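Predicted, not measured: the structure shown is a model, and the values here were computed from it. Below, chain A is the first sequence line, B the second, and so on; all start at residue 1.
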2 protein chains.
Amino acid sequence: MTIAKQTVLKSFAAVVHDHGRCVTTALAKAETACATAGKRLTPLRRRVLELVWGSHLPVKAYDLLAILGREREQAAPPTVYRALDFLQQVGLVHRIASLNAFVGCGEPLQGHVSQFLICTQCGTVAELANLGLSTSISASAEALGFQATRQTIEVEGICKHCRKRGAQAVQ
Amino acid sequence: MTIAKQTVLKSFAAVVHDHGRCVTTALAKAETACATAGKRLTPLRRRVLELVWGSHLPVKAYDLLAILGREREQAAPPTVYRALDFLQQVGLVHRIASLNAFVGCGEPLQGHVSQFLICTQCGTVAELANLGLSTSISASAEALGFQATRQTIEVEGICKHCRKRGAQAVQ
DNA sequence: CCACTAAGGTTACTCAATAACAAATTGTTG
DNA sequence: CAACAATTTGTTATTGAGTAACCTTAGTGG
Ligand SMILES: [Zn+2]
Ligand SMILES: [Zn+2]
Ligand SMILES: [Zn+2]
Ligand SMILES: [Zn+2]
């Protein structure tokens, strides 16, 4: 079976990189995406998105809540869940079902299929947009008379950085 | 891309079928699986497995808890979660991450990859064991230097029965 | 019978998510 | 601008998911 051409939307970032750039880019794209969709990126929603992009690690809802609570004096679960729901609808963040956590989407401007690679060592999540893979899965379902409308594809394993590190010295 | 040969481990059952047979078979296989693995299928574990097999729908942990509570006078979350953990380890049930729910495994006797088709209309879950698909996903990951160890593949959509029903009369 | 291990009971807690209703903010329209 | 509608956020409270820690009970082997 051939490996389909795939786009890496959010790769395993080098351990050290200019992450400020990641955040800036993500927020700029978010503005555009919301404007295009006719949705409002309010300060709260923008801040939550910024926090999600705080790293390339998946973020838990209650961690966001704790940070917001320090910043705003008033923050309850609905505060963060509503923002996250909105961001998901616009396609700015994805929810990782197997982790109950959220990650920013690297390419929110067009709808796309997505698959996630989750490193169990460093926790980093990479997002793929392998259309061939997605199509293959849908085809497998269709062969059974099942019409697929949504896919949850989450793969756990060890990322290339951690493999390299592991080869040098098992800590 | 060709569709790999796939085994349907737990198909979309006809609306009416002899489900008692499903349960009996599942419990018999469970006895064998536990005996082989040198694990004990205690009355509690057996009962939880039986409840999971109550239908072809995914079952929530707290629903199991409620039923057990009626039957046993004493049942707390650990009661059901410990049983479910055990059943998962032996491979007798699978957890559906996108639903926070559990389904019985139709073919627990040998280890296998699995994918799940979830009908959003009737709620039924079918389990596939499409090795080609699984291999294809691992290969996509490997192409990025990622060594996959576990896959969560859950597809939502409409099953063949519901499609047929829908064509006759949109209720 | 005694020591050891596995299984289950019990209490209590943290985290995940949503319901329902009130207040405030924003957008629209005469 | 004033009045109204729609959206967003605040607030309170609850349900559901899952786990930690500790204790008791039940099997197992000598
Ligand atoms: Zn970055
Ligand atoms: Zn890693
Ligand atoms: Zn059945
Ligand atoms: Zn169906």
Side-chain angles (χ1 to χ4, degrees), chain A residues 30-31 34-35 37-52 57-90 92-103 123 152 154, chain B residues 30-31 33-52 57-90 92-103 123 152 154:
Chain A
E31 295 284 1
C34 286
K39 300 287 180 68
R40 295 169 48 202
L41 188 62
T42 63
L44 174 62
R45 291 165 174 176
R46 192 186 156 88
R47 179 63 183 139
V48 169
L49 180 59
E50 197 179 5
L51 290 174
V52 169
L57 302 177
V59 181
K60 311 281 274 181
Y62 272 63
D63 291 343
L64 293 173
L65 183 55
I67 298 173
L68 287 178
R70 264 174 262 135
E71 295 178 351
R72 304 170 57 96
E73 197 69 35
Q74 77 279 58
T79 308
V80 63
Y81 279 107
R82 280 197 283 236
L84 287 171
D85 285 348
F86 171 84
L87 294 171
Q88 277 180 272
Q89 273 171 32
V90 185
L92 296 169
V93 309
H94 295 292
R95 194 182 110 92
I96 311 294
S98 62
L99 299 177
N100 288 345
F102 301 83
V103 291
T152 299
E154 298 169 8
Chain B
E31 295 284 1
C34 286
T36 303
K39 302 286 181 67
R40 292 170 49 204
L41 187 62
T42 63
L44 174 62
R45 291 166 174 174
R46 192 188 155 87
R47 178 63 183 140
V48 169
L49 180 60
E50 196 179 4
L51 289 174
V52 168
L57 302 177
V59 181
K60 312 280 275 182
Y62 272 62
D63 291 343
L64 293 173
L65 183 54
I67 298 173
L68 286 178
R70 260 173 266 135
E71 296 179 349
R72 301 170 58 94
E73 196 70 35
Q74 76 280 57
T79 308
V80 62
Y81 281 107
R82 280 198 282 238
L84 287 171
D85 285 347
F86 171 84
L87 294 171
Q88 277 181 271
Q89 274 171 33
V90 184
L92 297 169
V93 308
H94 296 292
R95 197 183 106 91
I96 310 294
S98 62
L99 298 178
N100 289 343
F102 302 82
V103 291
T152 299
E154 296 168 11

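Summarising the geometry of B/Val90 relative to B/Cys34, their closest heavy-atom pair is CG1-SG, 4.2 Å, with the distance given to 0.1 Å. Scanning both residues, A/Glu154 and A/Ala97, for their nearest heavy atoms gives OE2-N, 2.8 Å.
At least one side-chain heavy atom of A/Leu64 sits under 4.5 Å from a side-chain heavy atom of A/Leu84. In this structure, A/Leu51 and A/Asp63 have side chains that are not in contact, with every pair of non-hydrogen atoms separated by 4.5 Å or more.
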Using a 4.0 Å heavy-atom cut-off to protein, can you give one letter per nucleotide of nucleotides 6-19 of chain C, 5' to 3': B if the base is in contact, S if only the sugar-phosphate is, - if neither? -SBBBB---SBBBB
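Remark: A/Arg46 pairs with A/Glu31 by the salt bridge (charged side-chain N to carboxylate O under 4.0 Å, His left out) rule, at least two apart or across chains.
Atom CD1 in B/Ile96 sits about 18 Å away from atom C1' in D/dG18, given to the nearest Å. Rounded to an integer number of Å, the gap from CZ of A/Arg46 to C1' of D/dT8 is 18 Å.
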